[in-house]
Amino acid sequence: MGRNARLFVVSGPSGVGKGTILRQVRKDRPELHLTVSATTRKPRPEDTDGVTYHFLSDAAFDQLVSEDAFLEWAHVHGHSYGTLKTEVDPYLAQGCSVVLEIDVQGAFAVREKRPEAVLVFVEPPSVEELERRLRARGTEDEQSIQLRLANARREMELSCKYDVRIVNDKLDEAVERMRALIDHYENEGGFDQDGHHQA
Ligand code: 5GP
């Protein structure tokens, strides 16, 4: 049976390990396109422009908003983040599944526009464990950690609205679940443009 290119949206609190899981899955599935978002936040030492994000000024971001260049965009942790349509549609058209790693507001905006999208929420085993991981990552100051923990609690309350939830307790198991669910949805029947299941 042939695979259908599908749109996946992956959310979860900052520091939960979404990026790590997706990079692992991609090792076996190099054609899977992980979108590069645009953002107005400042690059961190580990960031590379055009690879981790497209880093933009506020003015450049606003210009793209006015040109309707984004599939979705949102203010997250005090900055603007958005998914460019050019990061999504050309890949789906080529038959490659696309994965967006975005916040909950963005996920629900994508569901409105693309009801066939599969929304996946990655959860930490607990908020205490998330705090431990955020501190161990060492990329945020105390104020930013507190902001991210407050956002995490709010986001986790919305996780019940996602199609699938994955708890990232053991990384290997979370990677395996993500891999299996991508396979599952790609091998399901296709969806028409209104998001209705085709037999
Ligand atoms: P970070 O600054 O730690 O890389 O990301 C902060 C948050 O922004 C994460 O929750 C991430 O999911 C979210 N995010 C990253 N890119 C996008 C995007 O294109 N759109 C939306 N709505 N959220 C994004």
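In this text, all values refer to a predicted model and were calculated from it rather than measured experimentally. In each ligand, atom 1 is the first atom listed, and ligand 1 is the first ligand listed.
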Practice problem: Mind running side-chain hydrogen bond (donor to acceptor under 3.5 Å, both in side chains) on E186 and S97 for me, showing each step along the way? | Solution: CA-CA 8 Å; E186 287 181 331; S97 287; 2.6 Å; yes
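The distance from ligand 1 to the heavy atoms of H77 drops below 4.0 Å at these ligand atoms: 6 (C), 7 (C). Below 4.0 Å from some heavy atom of G106 lie the following atoms of ligand 1, by number and element: 22 (N).
Residue A74 places no N or O, backbone or side chain, under 3.5 Å from any N or O of ligand 1. Between R137 and ligand 1, not a single N/O pair is under 3.5 Å apart. At least one N or O atom of D103, backbone or side chain, sits closer than 3.5 Å to an N or O atom of ligand 1. Considering backbone and side-chain atoms alike, E155 places every N or O at 3.5 Å or more from each N or O of ligand 1. Considering backbone and side-chain atoms alike, E72 places an N or O below 3.5 Å from some N or O of ligand 1.
Protein heavy atom nearest atom 19 (O) of ligand 1, with residue, atom name and distance: S37 OG, 2.7 Å. From the protein, the heavy atom lying nearest to atom 2 (O) of ligand 1 is Y81 OH, 2.5 Å. The single protein non-hydrogen atom nearest to atom 5 (O) of ligand 1 is Y53 OH, 3.3 Å, given as residue, atom name and distance. Of all protein heavy atoms, the one closest to atom 7 (C) of ligand 1 is V76 CG1, 3.7 Å. If you check which protein heavy atom lies closest to atom 10 (O) of ligand 1, you get K18 NZ, 4.0 Å.
Other members of the hydrophobic cluster containing Y81, listed by chain and number, are Y53, F55, V76; membership follows side-chain contacts under 4.5 Å among ILVMFWY residues, whether direct or relayed.
Under 4.0 Å from ligand 1, not a single heavy atom of H75 appears. Residue contacts with ligand 1, taken as heavy atom pairs separated by less than 4.0 Å, involve I102 via backbone and side-chain atoms alike. At a heavy-atom cutoff of 4.0 Å, ligand 1 is contacted by no atom of W73, backbone or side chain.
A salt bridge links E31 with R29: at least one charged nitrogen is closer than 4.0 Å to a carboxylate oxygen. Checked for salt-bridge contact, D103 and R154 miss the test: no charged N lies under 4.0 Å from a carboxylate O. Salt bridge status for R132 with E128: absent, with no side-chain N to carboxylate O gap under 4.0 Å. Between E173 and R177 no salt bridge is recorded (no basic side-chain N to carboxylate O distance below 4.0 Å). In summary, R44 and E140 engage in a salt bridge, as defined by a charged side-chain N under 4.0 Å from a carboxylate O.
Between H33 and Y91, the ring planes are parallel. Angles under 30° get that label, and only those over 60° would be called perpendicular.
Nearest heavy-atom pair across A107 and I102 is N-CD1, 3.6 Å.
At least one heavy atom of R44 sits less than 4.0 Å from an atom of ligand 1.
For K161, the NZ atom counts as loosely surrounded, since its 6.0 Å shell holds 12 or fewer non-hydrogen atoms of other residues, nucleotides or ligands.
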